[in-house]
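Have a look at the structure below, then the notes.
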Amino acid sequence: MDGGMHACVSHKAEDGRLEAVSDHVREVAEMAAEFARPFGAESWAYAAGMAHDVGKYSAEFQNRILCGGRPVDHSTAGAYELFAHLGAAPLAYCVSGHHGGLPNGGSPVDAENDPTLAGRMKRARGGALPDYHAFAKEVEIPAAGRVEFRTPPDSRDGFACAFLTRMVFSCLVDADFLCTERFMRGGAREPLSTEGLDVLRDRLEDKLASFYPPETELNEIRCSLLDACARAAEREPGVFSLTVPTGGGKTYASMRFALRHALAGSHGMRRVIYAVPYTSIIEQNAAVFREVLGARNVLEHHANFDFDDAGEEGDALRLASENWDAPVVVTTNVQLFESLFANRSSRCRKLHNMAGSVIVLDEAQMLPTKQLLACVRALAELVLRYGCTVVLCTATQPSLNGLFERWGCPVREVAPDPQGLHERLRRVTYRFEGALEDAELASRLSACGQVLCVVNSRRQARRLYDMVAAEVPEGTFHLSTLMHPVHRERVLKEVRRRLEGGKACRVVATSLVEAGVDVDFPVVYRALAGIDSVVQCAGRCNREGRRPLRESVLHVFEPVEPYSLPADVKQKAALAKSVLRDAGVLADEGVDPCDIGSPAMVAAYFGQLHDVRKDWLDAEGVLGSLENLRVERLGEFGGAPIPLIPFKDVAERFRMIEEGSRPVVVADQLIADDLAAVGEGRAARGAMRRLARFSVGLYDADLKALASAHAIEPLGGDAFVLIDGGLYREETGLDVSGAGGRGLFY
């Protein structure tokens, strides 16, 4: 450490090495500025880096780090310097939150002990902080210059201001983590990959070369789509749609577009982010990408991925998951969007690495409508000011062009003729059957050799399964989320074996089979739901195109029995029925086939859905609270007004998945050691992730029923373990009704 015995210390390593505060802040500032360079905010990030640890110059903090004294607030000092002396309120948010997370702005009336930025600034103004002013002898905090956006936002655009603040915060906290880690370890971490996107593009092209020249009609269609992606990749960055029916080869097509587009012209993009709604799809896509692009070039990041099982790349992948420092990131919508609205440093570290990315949203129709406006606005912001391109990839486009155009990002289609592509790849005939009682439906299913039936209620799935299994037990299966993931995988393996062998196979399931589950039935029954769900279900019928169109039928029906369903499901089913009625389908129920999956029908459905829900597309007020920021002066500070950004509140309100269910772990020999370790408080890293694969999610009413019957015990956190093994059936999973509860809800 330079500066002799009198230099103030920022970090102390286990081997006794000391790092001077002045060295640390300069290193962080330089790295943060480099991170912010792709979006022109170098001076902002540099100033934040120089200011973030000046509070460590207090005697109290030095006593803390060198002698184990009491904890000291060292973050507020740098925030105060930026706020009060340099007028850089956005950077004050970043520095004040670089450990605890971005705070709410608060209000002018906040007290000194409030955890808001306003409260903390008042505390600093009142002299409540330890004296840190010795920093001025060694550290100069520069004024932040202008951010050189390609498309400057309106000065009154509160969302753009909050977004930029969060992006600079990302640069600061990631640089702080990495520089601290480098000092403590005595060296920088090894990068996950050193190969450029050009190498990955060439590997993909080598793989795709084997598809040419196409020898079948299906391969001709797929190659024509690949060619269209290659041509469209040369276009200017922005928002694209890639409308590809099941079987069109969208996985390879979308990656071809992404890699070529990233490298085209002067785009200068740095990575591909591939986001999907379900972990089952992630695992399939990531496996394909790893095989073609190389294991160290693909980061698979989601809650169920076990880095301990990733072989020699496991540690490097785990570190890269902290900030998405990888050429290709395959992740969930939850990870992507909740990070974009997060306030905690651990969730925000990756944000700056989203700049200059091609972001592919697979199954784009799965974006939740209650957060739709906030999601679209965040994507538009990334496109307009952070050098990104967004690709909406699905067979059922959710009609988002109007929303993207609101923020200056019109959607351009990659596929040259979506309607023609749909007709050429159409493999299913749809028939609307009207109302069907369970007894009639079970009779039809029992008479089929191979058939899939998908319903909206776990209760109905269980009832239908019991009725069909009583009639034809051999080859009849049940699939629902009342079965843990490992159990479902085991059943699906047997289902695929029987389908491929031409044996009897009747499956009654909930919607979990509609995406990411590769099964191929000649006949499918689907309870009326949103048209996107019905079309997704059609992807399980004649999936490989081996049977004639007229012989591959998806029967859409309405249940007669009054099963309790979530309001969301009921509304989507009602809208789908309205669209079918407008198309003249309901007049001839079960007689003439209809093309429910046509792009026109899908567009009509999403048009009605967004119109009906127009007042609920920002149900939690996330977008509204950021766009309509209060801008005020903080009394005694004078100076320019500052935006009071509710970072903490927004992070708490933005949830892609509704909270409510809690996991119940079903004991199994494969997880016996992990269960014991968790119960004894000595769980190794990854134990809870492994237990999750043997868990069933239950809501409070059913948990209470199981608890009253002494069938479960707390496992730690929100989790429980099932101790009454008799309640879990090999055929249907967990049966809560056996514990005296109502059971089998949705």
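Because the structure is a prediction, the values reported are computed rather than measured. All heavy atoms count here, side chains included; hydrogens, waters and symmetry mates do not.
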Intermediate values then yes/no, ring-ring contact (aromatic ring centres under 6.0 Å, His included), Y274 and F289:
CA-CA 10 Å; Y274 208 98; F289 297 149; 5.1 Å; yes
Can R463 and D466 be said to form a salt bridge (charged side-chain N to carboxylate O under 4.0 Å, His left out), step by step?
CA-CA 5 Å; R463 185 166 187 257; D466 286 341; over 6 Å; no
Given the rule in the salt bridge (charged side-chain N to carboxylate O under 4.0 Å, His left out) test, do E489 and K493 qualify, once you have shown the distances and angles that lead to the verdict?
CA-CA 6 Å; E489 290 169 9; K493 183 177 181 180; over 6 Å; no
Evaluate R444 against E440 for salt bridge (charged side-chain N to carboxylate O under 4.0 Å, His left out), listing each step before the verdict.
CA-CA 6 Å; R444 291 192 184 195; E440 168 65 15; 3.1 Å; yes
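The pair E620-R655 does not count as a salt bridge, with every side-chain nitrogen at least 4.0 angstrom from each carboxylate oxygen.
Counting only distance, with no hydrogens or angles, the side chain of S533 and the backbone of A529 share no donor-acceptor pair below 3.5 Å. The main-chain N or O of Q335 is found under 3.5 Å from a side-chain atom of S339 such that the two form a donor-acceptor pair. Between the side chain of R526 and the backbone N or O of V534, no donor-acceptor pair lies under 3.5 Å.
Side-chain contact between F477 and R506 is absent, with no heavy atoms from C-beta onward closer than 4.5 Å. Using a 4.5 Å cut-off on side-chain heavy atoms (C-beta onward), Y430 and V535 make contact.
Because its NZ or CZ atom is both nearer than 6.0 Å to the ring centre of W324 and within 45° of the ring axis, K350 counts as a cation-pi partner of that residue.
Listed by chain and residue number, F211 satisfy the ring-ring contact (aromatic ring centres under 6.0 Å, His included) test with Y252 (two or more places apart in sequence, or in another chain). Among residues two or more places apart in sequence or in another chain, the salt bridge (charged side-chain N to carboxylate O under 4.0 Å, His left out) test is passed with R344 by none. Scored by the side chain to side chain contact (heavy atoms under 4.5 Å, CB included) test, E474 finds R498 as partners (sequence neighbours excluded). The side-chain hydrogen bond (donor to acceptor under 3.5 Å, both in side chains) check on S357 picks up nothing, with sequence neighbours excluded. E544 is linked by a side chain to side chain contact (heavy atoms under 4.5 Å, CB included) to D520, R546, counting only residues two or more places apart in sequence or in another chain.
A ring-centre distance under 6.0 Å is not found for H487 and F694.
Note on ring orientation: taking the six-membered ring where Trp is involved, the planes of F341 and F654 are parallel (angle under 30°, cut-offs 30° and 60°).
Nearest heavy-atom pair across P559 and A527 is CG-CB, 4.2 Å.
Atoms CD and SG, on Q460 and C453 in that order, are 7.0 Å from each other to the nearest 0.5 Å.
Sorted pairs that involve residues 706-725 and meet ring pair (Phe, Tyr, Trp, His ring centres under 6.0 Å), not counting sequence neighbours, are lacking altogether.
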